[in-house]
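Proteins come first, then strands; the chains are lettered A, B, ... in the order of their sequence lines, and each starts at number 1.
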Number of protein chains: 4
Amino acid sequence: MQPRKAKQSKTVSNDQPAEHAGEETDRRTQLLHIALKRFAEQGYHQTKISDIVVEAGVAQGTFYWHFKSKEALALEIIATGREQLLSAIGQGYRRDAGTLADMVKASEALFVRLFDFALENRYLMGLLLIGSGVDEPVRQSIRETRAAMEQAFRRNMERAIELNMLPGELDVELRAALLMSMIEGVITRWLFGSEGTHDHITQITAKRLAAEAANFEFYGLLGQS
Amino acid sequence: MQPRKAKQSKTVSNDQPAEHAGEETDRRTQLLHIALKRFAEQGYHQTKISDIVVEAGVAQGTFYWHFKSKEALALEIIATGREQLLSAIGQGYRRDAGTLADMVKASEALFVRLFDFALENRYLMGLLLIGSGVDEPVRQSIRETRAAMEQAFRRNMERAIELNMLPGELDVELRAALLMSMIEGVITRWLFGSEGTHDHITQITAKRLAAEAANFEFYGLLGQS
Amino acid sequence: MQPRKAKQSKTVSNDQPAEHAGEETDRRTQLLHIALKRFAEQGYHQTKISDIVVEAGVAQGTFYWHFKSKEALALEIIATGREQLLSAIGQGYRRDAGTLADMVKASEALFVRLFDFALENRYLMGLLLIGSGVDEPVRQSIRETRAAMEQAFRRNMERAIELNMLPGELDVELRAALLMSMIEGVITRWLFGSEGTHDHITQITAKRLAAEAANFEFYGLLGQS
Amino acid sequence: MQPRKAKQSKTVSNDQPAEHAGEETDRRTQLLHIALKRFAEQGYHQTKISDIVVEAGVAQGTFYWHFKSKEALALEIIATGREQLLSAIGQGYRRDAGTLADMVKASEALFVRLFDFALENRYLMGLLLIGSGVDEPVRQSIRETRAAMEQAFRRNMERAIELNMLPGELDVELRAALLMSMIEGVITRWLFGSEGTHDHITQITAKRLAAEAANFEFYGLLGQS
DNA sequence: AATGAATGAGCCTTCATTCAT
DNA sequence: CATGAATGAAGGCTCATTCAT
């Protein structure tokens, strides 16, 4: 008597397609999408349950048939999103060897996958990267997701060191933090850069962005010489 | 009948000294400090006016004699903090020429100034970098502050290009964004890294951090060769 | 299209046997039993329809096919219980004459019947005697049932006076009230006494209890001299 | 910043005088009185905070300035009432010896004190004896209060046995339960007896009621011979 | 400057009940 | 008979803000 748990956990964060237009998708999924969008756009606290249900065209009570609470909803959104995100960036340096250029290419490819994912899941990324107004349990879940992402970068880096493609004396944790920070920041600016300001970064393609980021990652400001 | 605007706008964000202990500091400043601390620690929305006044040991109404509203308070905190922050990192590459090593050193020096400032104003940095739960007007003010910071990096970079110390074809805006992101992330982890996890980053000194960051900035992961 | 009224109004309040285990008993009866149990255990308001249907393993809507409303259900439970209760204690002083000892014995026998009934219908008694959380219409029905019980005691008393077995100047109504109160209280403590406290009353047999009560009824604290 | 605790815990349950008419009494006390009245009259669950504040002519929020929650309010009412009640019936068989008649008189005096108290605190008694719709924590507090009352009767009885005024083989616990039940029932009927029915018990004076109860207590139905 | 009582709009959540299938 | 999704009226509580003193 009360599902409150998706059977198949339909994809949530892919927010572009159908935008809860096609009513063939079920209520639960619809509410999930609307909630994610508003959480990302107006912040968690600023999003009222009534906003969500009004947009969905259902009664207030309906929300609580599908979800235990606002917080449980947010937690589910993030958990689902985390899985998708991690699986999207999951594959790192597969090749057992290669040239430096190969490695840069591999990194670039990873960035492309990540940026593409971010573009298709901008609301999820907004929630994860900006996450405004969430309270502790949700914030915690977001933190964990970002930490998991950072771990992915770190593992890649360690793998590269094993392969002798990166200097062994690297402070891996710190470098992973630097890299992760860079990527988080660039995605934030790319997707949510206030177009009011002179940001032309919002116009760049994922491909180009990935190339620049990978270049910076390996060669720094001085660039590939 | 109501000031609500500091005569001298005593320094706010320097949160270490006096910790609203010495009662020689006035009410207004005391409230400002307490509010900043709680905004940074628990988030803006999560901080109730009643929390602030209880900690200050005054009545609820007193708050509204000193400040127009919660939002005005936050805005003032950020505006004051911005000035301090920008003046702390204001001086860039002064020398008209120099070797590459000089330039790296100069960048490192900038980072040291910034990290030192951050350490002494951790609550302010928490508000600026995490700024959880703030609503739009406040978020806007934070955005502007961070944009101003990024501009500082950008100007430095442009100056370096003028001096032929960095390749001219650099996409300055993007690189500044990457750099700023990196620095923001590293400060966040350094000051607020969940010590629960295996972050050893919280233990590093500002000096060391600055050196690593500058190295990454110029040479990337491959490091100074 | 909807019965909502039992054909045969199967016994409801006899709550020990079958405990809605044997599925030979029908839905309606099952729901009735579950509801009675929970009303007695957690109170009327505290018992949600969803609790009942979950325990019965049916859908929410099913409840409303069998019963018009929660209140109608409670009213039916009480009405059914009232009939059983009154028929259980219905027979009073049949003998046209007798000694004082006979009369005490007869009263004791009545108590035994009542206590036995209570033991076998503890949920019904809980609802009638504690009836926590019920709102007016239901409370009214409970009041009437208890009043009917009190009437039974009263009639017995009047009969005893007619037979010159009790002093004629007795204030029958008041005495009946005193007696009824006593019995209600003793049943409540016997069946629902918080075993947490030092109540050893919960351990006494119906027989013993009846003897004590009858003794007190006729002889008071000073006892049978 | 929030009292929520009476300084002097002004008398609460004495509900007759001034009926929150004299506005010299403070808000908190006024709310306490109104709440008690409505709890007794309509039940706890049925009493909405909005009922209380509307009757008091204040805003909804005002309630929460004075009390932490609806439940805390009820708990406070009961705790305060318990103290008053116990102090009202506190003095038992003081005389170290005396005749049987003395003892009956003493018991009668106790009943008079109790009935007088009940009459002056009918709402409190209603809450304690009927206590409809309260949920667990409050019910627990009521249970404890009634248990404390029963203890008072029990102690009196034990004292009487020590003085050889009552037979030593008495089952004190059971008899105290019987007596307490009797008293609870009689007060309930006296104060809240549905005048709709033929209850003339509602008309009796406290004095007369006490005499009858004491007589029944010691001599049972057969009466003082 | 400060107090503290009061305000009231607003939010989350509950739950009895309905209804199309 | 039964399902389960949906409804919507409440109700408790929060908290920024106001105001008379």
Is there a side chain to side chain contact (heavy atoms under 4.5 Å, CB included) between B/Tyr123 and B/Arg38 once you walk through the steps?
CA-CA 8 Å; B/Tyr123 296 138; B/Arg38 300 197 92 116; over 6 Å; no
So how far is it from D/Leu31 CG to D/Leu36 CG, rounded to the nearest 0.5 Å?
12.5 Å
Please report, rounded to the nearest Å, how far the [atom2] atom of [N] is from the [atom1] atom of [X].
X: C/Arg27; N: F/dT3; atom1: CZ; atom2: C1'; answer: 12 Å
X: B/Phe67; N: F/dT18; atom1: CZ; atom2: P; answer: 15 Å
X: A/His66; N: F/dT7; atom1: NE2; atom2: C1'; answer: 12 Å

Residues in side chain to side chain contact (heavy atoms under 4.5 Å, CB included) contact with [X], at least two apart in sequence or another chain:
X: D/Thr145; answer: D/Ile78, D/Arg82, D/Leu85, D/Leu128
X: D/Ala72; answer: D/Lys68, D/Ser69
X: C/Glu136; answer: C/Arg139, C/Gln140, C/Arg143
X: A/Ala35; answer: A/Phe39, A/Ile52, A/Leu73, A/Ile77

Only stems of 3 or more consecutive Watson-Crick or G-U pairs count here, both distances under 3.5 Å; name the ones for DNA chain F, or none.
E:2-21 with F:2-21
Within the 4.5 Å heavy-atom criterion, are C/Arg27 and C/Trp65 side-chain neighbours or not?
no
Do D/His45 and D/Asp135 have side-chain heavy atoms sitting under 4.5 Å apart?
yes
Side chain of C/Trp65 only, heavy atoms from C-beta on: which candidate in E/dG8, F/dA2, E/dG4 is closest?
F/dA2
Are any protein N/O atoms closer than 3.5 Å to N/O atoms in nucleotides 12-15 of chain E? If there are, list each pair with its distance.
residue : atom : partner : partner atom : Å
E/dC12  : OP1  : A/Lys70 : NZ           : 3.0
E/dC12  : OP2  : A/Ile49 : N            : 3.1
E/dT13  : OP2  : A/Tyr64 : OH           : 2.7
E/dT13  : OP2  : A/Lys70 : N            : 3.1
E/dC15  : OP2  : C/Lys48 : NZ           : 3.0

First encountered from the 5' end of DNA chain F, between A/Gly57 and C/Gly57
C/Gly57
